[in-house]
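Report on the following structure.
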There are 2 protein chains.
Amino acid sequence: MAESREFLYPSKWLSKASAGNRVTSELRMRIISGEIESGTILSENKLAVDFAVSRSPIREALKILASENIIRLERMGAVVIGLSDKEIEEIYDVRLLIESFVFERLVRMDTNELVKELSKILEMMKVAIKYSDADEFSYQDVLFHETIIHAVNHSYILMIWNNLKPVMESFILLSMRMRFKEKYEDFTRIVKNHELYIEAIKTKDRDLMIKSFHENFDDVQVKVEDLWMSQQMLSKGVVQQND
Amino acid sequence: MAESREFLYPSKWLSKASAGNRVTSELRMRIISGEIESGTILSENKLAVDFAVSRSPIREALKILASENIIRLERMGAVVIGLSDKEIEEIYDVRLLIESFVFERLVRMDTNELVKELSKILEMMKVAIKYSDADEFSYQDVLFHETIIHAVNHSYILMIWNNLKPVMESFILLSMRMRFKEKYEDFTRIVKNHELYIEAIKTKDRDLMIKSFHENFDDVQVKVEDLWMSQQMLSKGVVQQND
DNA sequence: TCAAGTATACTTGTATACAAGTATTATAAA
DNA sequence: TTTATAATACTTGTATACAAGTATACTTGA
């Protein structure tokens, strides 16, 4: 099989990445996009052939994806879990949980530097919108929230984020690509929400932060079905990998 | 080097474990106990010799320990982070965060089955105390909290727990071993706290839960220094692994 | 036709080899 | 003695080989 095919994950984000990381990122995208359906059983050997690498990087990828909860390692083969609407809600539960926690810490800190940093990132997001660069926009969006979390310097909150981030990133990437094509008008609202978020940090207004977080969630929340439909459209020329 | 030595991690918990898992568990214990000091640089090759296995299981172990935030993978060698008092507080921050979240869900559920299960575990803990079995007690203590978290069926909260659990387990194990030797009287208080916790779940009393959680924390919180001192005592006959 | 056992084709986990890159040390030139 | 260059001893990431175990398919006997 192993034909040349497009990759879902932005190749320029992988400039210095190892084969293991490449496989991890790409496999994650294919799972979250629904291209590899939930319930599919992945074989190390088959994946090694498909990606034209040895089993070592594949094993590494499967271990990571299992720790991210999008596949389940069983005695024979890895079973794809993927993201259903339930999981997406759960991810946002956790994000709200940690971002609320972080906010409580921020309230007791000097946030001037952070606010400046976030404003810069928001400017970048606006530029990305102007040039219809969905990938760059997603990158900055994730970075925005990561920057907030980094600010409080809490290694175990950061650990949670690091576990959640790749799945978030993939989901946002797919979601934004779709919306750049179909719902361009959404982005003025997204920008406004991020402005609110910055404002909340500046004024240390907890309620405002929760409000903007929830609006952002309602906004970003694309139903998984839509995502999958859209994905199908984007990749219609692509060879399906049935063995 | 590689002399025969005692292992810190209970060998009976590893009955069917792979070499990778054994190394992971044992290395974690040595790091958390302070036997391998923070700042130490671990080499894959050296570890492979010390544990008398190949690099494959060692690599696996280092990846896992890095995701648990007790080592940091750098370009050359893995740097030990370990647990300082700060990290232990952070872990309890996260535990309080997720257990509070879980409690909110429990309040809207039928908790009869859970309460029964927890009572059973508590009985087991009492037996472990009676026979001065620190390892068994630790196992049941961790299981107690894990059971609560499992009850709400939230895959991403569970993901966080799964990331935190091994470090928690190791820390509790070391802490309890010390207290069984030195502070036996503590255990009546620990049991009482767990009874309060069950009561809080039964009556769905949020404040009681927070109260018992905090008391449990204050109780379990052993200063890292004490842990290390105690560890030195327990392993005085053991050969240090200087290369 | 069906049950029990056997062969085969998978699986995982581990060991080992090697290429490419990076520190460290040794050596030679100033 | 100091500095530049070369040799070496390490590092990581990947490929490959193999042992042990497990599911699937294929007999063979009733």
Side-chain angles (χ1 to χ4, degrees), chain A residues 1-2 7 9 11 13-28 31 36 39-68 70-81 162 166 241-243, chain B residues 1-2 7 9 11 13-28 31 36 39-68 70-81 162 166 241-243:
Chain A
M1 289 296 120
F7 290 106
Y9 195 79
S11 54
W13 296 2
L14 293 169
S15 56
K16 282 257 165 184
S18 64
N21 287 323
R22 284 164 199 279
V23 171
T24 308
S25 299
E26 184 58 24
L27 216 42
R28 189 189 290 116
I31 290 169
I36 300 177
T40 308
I41 291 171
L42 300 174
S43 149
E44 288 186 4
N45 289 314
K46 219 174 283 173
L47 287 172
V49 174
D50 287 350
F51 281 95
V53 293
S54 78
R55 266 182 60 219
S56 307
I58 300 289
R59 275 180 77 78
E60 190 190 322
L62 294 184
K63 287 263 164 66
I64 292 171
L65 298 179
S67 85
E68 291 172 3
I70 61 174
I71 69 172
R72 187 165 16 93
L73 260 32
E74 302 200 336
R75 277 141 291 127
M76 308 226 103
V79 182
V80 173
I81 299 173
N162 286 336
Q241 53 165 11
N242 351 315
D243 57 319
Chain B
M1 291 294 121
F7 290 105
Y9 196 81
S11 55
W13 295 2
L14 292 169
S15 55
K16 283 259 166 183
S18 63
N21 287 322
R22 284 166 199 279
V23 171
T24 308
S25 299
E26 184 58 22
L27 217 41
R28 189 189 292 117
I31 289 170
I36 299 177
T40 308
I41 292 171
L42 301 174
S43 148
E44 287 185 5
N45 288 314
K46 220 173 283 171
L47 287 172
V49 174
D50 288 350
F51 281 96
V53 295
S54 77
R55 267 181 59 216
S56 308
I58 300 288
R59 276 181 75 78
E60 190 190 323
L62 294 184
K63 287 264 164 64
I64 293 171
L65 298 180
S67 85
E68 290 170 4
I70 60 173
I71 69 172
R72 186 164 17 92
L73 260 32
E74 301 200 337
R75 276 141 291 128
M76 306 225 104
V79 182
V80 173
I81 298 174
N162 285 336
Q241 52 167 9
N242 352 315
D243 57 317

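A, B, ... follow the sequence lines: proteins, then strands. Residue 1 opens every chain.
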(message) According to salt bridge (Lys or Arg N to Asp or Glu O under 4.0 Å), who are the partners of B:Arg22, at least two apart in sequence or on a separate chain?
(response) none
(message) Checking B:Glu60 now: which residues fulfil salt bridge (Lys or Arg N to Asp or Glu O under 4.0 Å) with it, not counting sequence neighbours?
(response) A:Lys63
(message) Tell me every residue that passes side chain to side chain donor-acceptor pair (under 3.5 Å) with B:Ser18, counting only those two or more places apart in sequence or in another chain.
(response)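 With sequence neighbours excluded, B:Ser18 shows a side chain to side chain donor-acceptor pair (under 3.5 Å) to B:Asn21, given in chain and number order.
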Spacing of [atom1] belonging to [X] relative to [atom2] belonging to [Y], to within rounding of 0.5 Å:
X       : Y       : atom1 : atom2 : result
B:Thr40 : B:Ile81 : OG1   : CD1   : 12.0 Å
B:Ile71 : B:Ile36 : CD1   : CD1   : 10.0 Å
A:Leu65 : A:Leu42 : CG    : CG    : 8.5 Å

(message) Any residue in residues 14-23 of chain B with a heavy atom nearer than 4.0 angstrom to DNA chain D? Just list them by number, or reply none.
(response)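 Hits under 4.0 Å, by residue number: none.
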(request) Output all residues satisfying side chain to side chain contact (heavy atoms under 4.5 Å, CB included) with B:Arg55, sequence neighbours left out; order by chain, then residue number. (result) B:Glu44, B:Asn45, B:Ala48, B:Arg59
(request) Select from A:Ser56 and A:Gly77 the residue whose nearest nucleotide in DNA chain C is closer to the 5' end of that strand. (result) A:Gly77
(message) For the CD1 atom on B:Ile41, are there more than 12 heavy atoms of other groups (residues, nucleotides or ligands in this structure) within a distance under 6.0 Å?
(response) no
(message) Students should find this one: the first and last nucleotides of DNA chain D, 5' to 3', lying under 4.0 Å from a heavy atom of chain B. What are they?
(response) D:dT11 to D:dT14
(request) With DNA chain D as reference, determine whether A:Pro57 or B:Met76 sits nearer its 5' end, using the nearest nucleotide of each. (result) B:Met76
(request) Could you say whether B:Arg55 or A:Arg75 is positioned toward the 5' end of DNA chain D, judged by the nucleotide with the nearest heavy atom to each? (result) B:Arg55
